[in-house]
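All values below were derived from every heavy atom in this structure, side-chain atoms included, with hydrogens, water molecules and symmetry-related copies excluded. What you see is a predicted model, and the numbers here were worked out from it, not measured in a lab. First listed ligand is number 1; within each ligand, the first listed atom is number 1.
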Amino acid sequence: MVGVFQTPLDADTIKAKARALGADLVGIADGAVMDAHPPDPRDPRRPKDITEHDGGRVIVLAKRYSAGTTRIARWDERHKYYNDELVLTMLEETSLELVFWLEDNGYPAIIIPPTHADPWLYRGDRNQHMTTVLSLTHAAVEAGLGTLGLNLQLITPEFGPRVLVTAVMCSVDCETDGRREEALCLGPECGRCLTACPGDVVGHWERDWPACDSYRSPHGFSQLAGHLGDILEAPDDAARLDMIRSETSFNLWQSILRGAGVISGCRRCQDVCPVGEDYARMIGDSLEEIPEATPEKARRLAAMAEAEARGALPGSYAGQERWIGALGYLGSDAAE
Ligand code: SF4
Ligand code: SF4
């Protein structure tokens, strides 16, 4: 019985420790509540699917991106990839330090990183969208950190969507945080995430995830498998050598070296979102204009806003309502 060796810990103590270790935001979700409310019942990915012992609490940690990189408007800017990868490295180290501190206090703990997908679920399609073993954005909502936006990105009051998230699972008997009931997202009347998206993959409370992946992870597994296949199918040795020495190989090599361009990539939708205390203070002046805007995108957003105004919310909203929240901007009648 590990209980004999445990030091009592409350939520405030755990959060103060996580902040001291470098986290910007911390929330604690109830693992049993997450077990009861999987974001996708066809692919539940619940805490209890990972561990039957140590999923009682899901401590969600968030670290903000640097504002300097957010102010760069190009989605495929490698400085952004590298800076974001360093933020992730810091957050992972913070998570690991928290795990060892919890274990020093008698509570076995486990990190859920944002980069690990279950390889048993890979079906041989290099363009298959691979998800994390636990949805960290949904965990963050359950931990009270924010709500999901029009493209299902996590939005926080402090930094909008401009955060990276990890979780530490641990069965420590402490208080949990409640979900926000009202959406932080401003809906299609804002729609800046859709307007700025270089792949045009944002829908009405949904996103084409496989299409997004080629931007979110531009030098990831899909490009690697495609490039190796192209090399094998090249007509002769000279063409093969050219491809081995190509810029694509160079980008892949650099990305495999550090993960930049693999686990970090496009985040235009996060950059331009006006929600977050940081936006006016650090960002807004540089990202007001959106070069990716088109009349067709504007028409689509107007149609979404018009449908919502007459109470016609899409099925994609209904399926994620718990995590998106009530659409206060519609008024109480239309949002119900
Ligand atoms: S990450 Fe990039 S491609 Fe994906 S939804 Fe956001 S802006 Fe679009
Ligand atoms: S950019 Fe606008 S529509 Fe998109 S998530 Fe942010 S608030 Fe919502």
Exercise for the section: Consider only side-chain heavy atoms of I, L, V, M, F, W and Y, link residues closer than 4.5 Å, and tell whether Val60 and Ile14 are in one cluster. Expected result: no
Exercise for the section: Could you list which atoms of ligand 2 come closer than 4.0 Å to a heavy atom of Gly191? Expected result: 2 (Fe), 3 (S)
Handout entry: Ion pair check, Lys80 and Asp271, cut-off under 4.0 Å
Key = yes
Handout entry: Within the protein, residues bringing a heavy atom under 4.0 Å of ligand 1, chain by chain
Key = Cys197, Pro198, Val201, Val202, Arg207, Cys212, Tyr215, Arg216, Cys266, Arg268, Cys269
Handout entry: Pairwise side-chain contact, Ile28 with Val58, heavy-atom cut-off 4.5 Å (strictly under)
Key = no
Show every donor-acceptor pair shorter than 3.5 Å between a side-chain atom in residues 106-113 and any protein atom, with sequence neighbours excluded, or say none if there are none.
unit_1 : atom_1 : unit_2 : atom_2 : d
Tyr107 : OH     : Thr7   : O      : 2.6

Problem - Candidate list Ser171, Cys174, Pro47, test side chain to side chain contact (heavy atoms under 4.5 Å, CB included), partner Arg57, passing option - result: Cys174
Problem - Atoms of ligand 2, numbered as shown, that sit under 4.0 Å from any heavy atom of Cys190 - result: 1 (S), 2 (Fe), 3 (S), 7 (S)
Handout entry: Short N-O contact, Lys48 and Asp54, less than 4.0 angstrom
Key = no
Exercise for the section: Hey, can you tell me if Trp323 and His138 have their rings parallel, tilted or perpendicular (30° and 60° cut-offs)? Expected result: perpendicular
Handout entry: cation_pi(Arg258, Tyr82) dist<6.0 Å, angle<=45
Key = no
Handout entry: Atoms in ligand 2 flagged as close to Val275, the criterion being non-hydrogen separation under 4.0 Å
Key = 7 (S)
Exercise for the section: Give the atoms of ligand 2, by number and element, whose distance to some non-hydrogen atom of Ile155 is under 4.0 Å. Expected result: 5 (S)
